[in-house]
Amino acid sequence: MLAELEGDFRKVVPRVDFCSLRFFHSREEVLSVRQDVPEPIVRNEDMGVMLTVMNKGGMGYAATSDLSVAGLKAAVDQAKLWAGRTEGRSVVDFRKVPMPEPRGEYAGPNGRAWESLGLGQKFELLMTQSKRLKRGEPIVDWAASVWHSDIELLYLTAGGGRVYQQFHLTGPGLRATASAGAEAQTRTFGAGALCQQGGLEVLERFGFKDAAEQVAEEAMQLLAAENCPSGKMDLLLGPDQMVLQIHESIGHPTELDRILGDERNYAGTSFVTLDMLGSYPYGSPLLNVTYDPSRREQLASYGYDDDGLKAEKTYIIRNGILQCAMGATISQARTGLRGVANSRSDTWNRPPIDRMANLNVEAGTSSVEEMISETKRGVYMKTNNSWSIDDSRNKFQFGCEWGRLIEDGKLTRVVKNPNYRGISANFWRNLKRVGNEGTVMVMGTPNCGKGEPNQIMYVAHASPACLFADVDVLGGA
Amino acid sequence: MREAFYKLVDEVTGRLRGAEVLLAGFSGEESDFVRFNKSLVRQAGHVQQRRLTLELIDGNRHVAGMVTLTGEAGEDQGRAARLLEGLREAIRSVPEDPYLLYNTEPRNTEQGKESRLPGSGEMVEAVLGAGRGLDLVGILASGGIYGGFGNSLGQRNWFDTHSFHLDWCFYHAKDKAVKTSYAGFEWDGAGFGRKVAEAKEQLGVLAIEAKTIEPGEYRVYLAPAAMNEVMQTLGWVGFGLKAVRTKTTSLLKMVEEGRTLSEKVTLRENTAEGLAANFFSGGFLKPGAVTLIERGKFGEALASPRSAKEYGVRPNGNEFPESLDMAGGDIAADEVLNKLGTGVYVNRLWYLNYSDRPACRMTGMTRFATFWVEGGRIVAPLNVMRFDETIYRMLGANLVGLTAERDLLPSESTYKERSTSSSRLPGALVERFAFTL
């Protein structure tokens with residue numbers, strides 16, 4: 001089918017400065033068992049193309065699920081129409097954008113194929129976990145789930161560019177809610193962040209089969225716990241909260257399209273300005289952050305972005321200093337700055353925009369035990385459950401499912417409703433210790449919302465546990 | 001599009017065997033999206049998409065799948081047939097579902113309007129004209145939205161609407177902007193001109209040096225768009241029957257302890273006066289209205305067919321509001337500033353989330369044009385502030401009043417497809433509102 005599509009594209013290419021076709025095909029399955037009862041299966045197949053035309057400085061796109069020659073021709077005509085309407089009134093003269101003409105292939109890992117386990121066996125696996133989650137009377141709701149997605153992308157340009165890429169994504173989930181009276185506490189298995197590229201081996205890497213009891217036990221512990229205390233104290237964040245911290249307060253503010261103002265009406269602007277690149281002290285000297293497409297198992301690893309730019313590891317922050325913003329071909333042309341291959345769209349019917357992809361904090365040298373032992377008064381928080389930040393990505397307040405006090409260098413009581421707030425730049429400058437490689441987890445954020453029209457994209461973050469000084473911590477009502 | 005969908009349902013129904021039952025859903029759009037930044041075009045294009053969902057039921061077993069359609073009848077019949085075969089194969093491995101529920105009393109409905117939209121090119125010219133000399137950023141979405149339901153029992157439902165939604169800001173500098181929406185079914189140049197003029201007037205106030213206030217408790221006016229953010233957060237996990245019964249609702253204290261809001265607060269899911277389709281999953285029709293909160297007391301939860309079967313009630317919606325309606329109060333629009341006196345006029349809130357869900361405590365930010373008011377007069381724009389408040393304080397003891405006038409706020413969401421949800425809300429005057437950062 002793809003060979004036919006390629007041939008048909010060549011037939012309908014108009015005489016314009018640039019024309020591309022991006023084919024997207026995904027198959028997704030979601031299975032879950034709630035309270036030991038299988039939930040309805042979700043099976044989605046999505047397939048279509050986006051045609052993009054750049055001509056005389058304008059740019060237009062058209063997306064269609066009609067892959068016939070007539071369908072492609074109609075889409076090309078629509079894209080050309082919009083390119084004409086935007087001539088001389090676009091944010092950039094698209095004649096000055098050096099669109100890549102790449103040729104290549106990329107296939108993500110798929111160690112143990114999703115289909116190698118039958119549907120009945122997958123339900124058995126989930127049923128077993130579901131039964132383990134009901135650990136006691138206080139558990140009032142519980143569920144085990146797994147999702148899997150196969151994606152193939154074909155990118156063609158009229159100039160002869162051709163990139164074919166395949167990905168397989170998998171993510172398990174566990175959830176237990178403990179309740180008594182008007183109080184309820186929910187504990188999950190990574191709050192949806194435990195997802196990677198690969199097949200069923202992803203479940204093994206995250207220890208899915210052995211996690212249910214702990215999830216349920218911790219939900220019941222939280223139900224019996226007192227509220228997290230308020231005040232300034234040290235804060236140790238586990239990787240499954242660092243994911244959110246990186247995402248919101250480094251990832252989004254360093255996306256170049258936000259800095260250029262494209263997102264100001266929706267996802268927001270950025271406190272980062274172009275003159276900060278290369279000199280701004282974003283965090284303490286311990287902070288090293290990379291755009292890294294090279295960890296093959298990480299959710300947003302790929303060979304090329306959706307405008308055909310080849311992906312390569314790049315330091316965004318080195319030794320605390322902001323080096324580079326995350327902008328792809330078009331944003332780079334608008335600014336004359338270097339960037340990364342992060343032009344991405346969530347499906348065939350949304351145009352690519354700058355996205356953070358894999359954005360990772362590089363490992364340091366401390367173990368979790370060392371970080372706890374040097375903390376006089378603090379709290380150890382795990383697993384994000386609340387996120388809120390201003391549109392410049394500065395004033396934030398985040399909450400976690402699970403907290404445990406650190407007193408005189410030792411872990412003591414479990415506390416519920418742990419929240420903390422701060423201002424992005426100040427917060428990262430108070431980074432006191434960075435966990436070693438042994439503390440690193442490779443996780444994903446499968447539901448990042450951005451763009452107009454809106455898009456839900458999967459991005460990813462690998463991070464060690466990190467210790468921050470003098471953070472404003474607070475508990476529940 | 002409607003006839004093509006109905007024919008496809010007939011065709012797939014003809015392929016059923018034995019006691020199999022088929023439920024079919026359709027969603028589609030033909031939309032132009034034009035994105036603006038700095039009064040220029042960032043991205044412009046056209047999206048045509050059609051999706052078919054089939055649910056195959058055999059006894060108490062069922063399985064569903066979705067596939068993209070092309071619009072070409074032969075190709076689409078093939079895709080639907082392959083999907084059906086895949087479902088038939090999968091259904092053998094699926095256990096019986098004790099909570100399966102679908103409508104077995106066919107009721108046909110049609111909701112639709114002819115398009116009265118002008119070409120998108122004409123609207124784009126008007127927008128670029130309005131932004132001339134200013135910094136305009138935003139999006140124009142325009143075109144048809146389609147939805148359908150059919151089943152092998154003979155039920156057919158159809159919904160289509162042809163609308164536009166221009167959602168934009170005039171920016172002063174940095175994060176200071178006036179955000180405005182203009183949406184409808186017919187483009188009225190004079191109406192758009194009035195919206196632009198109002199926004200330009202507010203933009204002038206943003207030129208005054210911004211004020212920063214210390215964290216603390218303030219008297220605030222939450223305009224309808226700000227209230228919408230509070231209601232969206234409440235609607236996320238507040239009103240669904242499953243959330244209520246599994247103790248994960250953010251209104252747990254209302255359900256379990258009888259906590260109440262102010263008697264001024266009445267909330268309904270008002271399908272009859274909303275913009276969304278009146279049919280929902282399983283082929284059920286929504287009631288005209290469901291009272292969620294009546295004079296401060298928790299009313300009825302929204303029950304999907306699955307939750308309805310599990311908990312033994314009648315299905316009445318999709319577990320979250322799509323046409324939320326809040327009763328107005330007695331504050332006249334031209335009295336808002338006087339009643340506020342000295343405090344904060346909040347046009348928009350942003351990025352709300354729960355900081356303690358069982359206590360229904362929310363945190364979020366002010367955004368865009370927020371003003372400091374003294375003696376009933378706007379004196380300066382305000383730098384952004386974070387709040388952290390429970391619904392029981394905000395819309396309970398600390399609620400001073402609601403405006404008589406309410407705004408209809410169509411959703412600007414375009415995730416996956418253009419939304420047809422909407423809210424109709426008043427503004428709220430609140431005292432001792434807690435800003436924390």
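Chain naming here is simple, since letters A, B, ... match the order of the sequence lines and numbering starts at 1 in each. All heavy atoms count here, side chains included; hydrogens, waters and symmetry mates do not.
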Relative to chain A, which segment of B:Ser39 carries a heavy atom at a distance below 4.5 Å: side chain, backbone, both, or neither?
neither
Structural part of B:Ser31 lying under 4.5 Å from a heavy atom of chain A
neither
Side chain from CB out, backbone as N, CA, C, O: work out which of these in A:Ser179 comes under 4.5 Å of a heavy atom of chain B, or both, or neither.
side chain
Could you look at A:Lys450 and say if it's the side chain, the backbone, both or neither that has a heavy atom under 4.5 Å from chain B?
backbone
Would you say the side-chain atoms of A:Ser65 and B:Gln48 include a donor-acceptor pair closer than 3.5 Å?
yes
Check each atom of B:Tyr354 against the heavy atoms of chain A and say whether the ones under 4.5 Å are side chain, backbone, both or neither.
backbone
Using a cut-off of under 4.5 Å on heavy-atom pairs, state which of B:Asp388, B:Thr366, B:Leu83 scores highest against chain A.
B:Asp388
Between B:Arg82 and A:Glu45, does at least one N-O distance fall below 4.0 Å, as a salt bridge requires?
no
Is it the side chain or the backbone of A:Gln121 that comes within 4.5 Å of chain B heavy atoms, both, or neither?
neither
Going by salt bridge (charged side-chain N to carboxylate O under 4.0 Å, His left out), name the residues that satisfy it together with A:Arg34, two or more places apart in sequence or in a different chain.
A:Asp141, B:Glu310
Give, as side chain, backbone, both or neither, the part of A:Ile389 having an atom under 4.5 angstrom from any heavy atom of chain B.
both
Minimal non-hydrogen separation, B:Ser93 against A:Phe123, with atom names
O-CD1, 4.3 Å
So what's closer than 4.5 Å to chain B heavy atoms on A:Ala79: side chain, backbone, both or neither?
neither
Do A:Asp346 and B:Lys416 have side chains that approach each other closer than 4.5 Å (heavy atoms only, starting at C-beta)?
no
Which bit of B:Thr363 is near chain A, if near means a heavy-atom gap under 4.5 Å: side chain, backbone, both or neither?
both
Part of B:Glu29 lying under 4.5 Å from any heavy atom of chain A
side chain
Under 4.5 Å to a heavy atom of chain B? For A:Arg264 that would be both
Does any backbone or side-chain atom of A:Asp390 lie under 4.5 Å from a heavy atom of chain B? Answer side chain, backbone, both or neither.
both
Heavy-atom distances under 4.5 Å only: say whether B:Leu69 touches chain A with side chain, backbone, both or neither.
backbone
Part of A:Arg27 lying under 4.5 Å from any heavy atom of chain B
neither
Select one option (side chain, backbone, both, neither) describing which atoms of B:Asp97 are under 4.5 Å from chain A's heavy atoms.
side chain
Segment of A:Ala267 engaging chain B (4.5 angstrom heavy-atom cut-off):
backbone
At a heavy-atom separation under 4.5 Å, does A:Thr86 approach chain B through its side chain, its backbone, both, or neither?
side chain
May I ask you to check whether B:Arg386 and A:Ser388 show a side-chain donor-acceptor distance below 3.5 Å?
yes
Pick one of side chain, backbone, both or neither for A:Glu248, based on which atoms fall under 4.5 Å of a heavy atom in chain B.
side chain
Proximity breakdown for A:Ile330 and chain B, heavy-atom pairs closer than 4.5 Å
side chain
Is a salt bridge present between B:Lys253 and A:Glu183, judged by a nitrogen-to-oxygen distance below 4.0 Å?
no
Which residues satisfy the side chain to side chain contact (heavy atoms under 4.5 Å, CB included) test with A:Asp93, sequence neighbours excluded?
A:Arg95, A:Lys96
Will you find, in the side chains of B:Thr68 and A:Asp46, an N or O donor that is under 3.5 Å from an N or O acceptor?
yes
Is B:Met385 close to chain A through its backbone or its side chain, or both, or neither, when contacts mean heavy atoms under 4.5 Å?
both
Counting only heavy atoms closer than 4.5 Å, note whether B:Ala90 contacts chain A via side chain, backbone, both or neither.
both
Consider only side-chain N and O atoms of A:Asn454 and B:Thr414, and report whether a donor and an acceptor are under 3.5 Å apart.
yes
A:Tyr266 side, atom OH; B:Cys169 side, atom SG - distance, nearest 0.5 Å
13.0 Å
What part of B:Lys38 is in contact with chain A, defined as an atom under 4.5 angstrom from a non-hydrogen atom: side chain, backbone, both or neither?
both
Residues A:Glu452 and B:Arg42 bridged, charged N to O under 4.0 Å
no
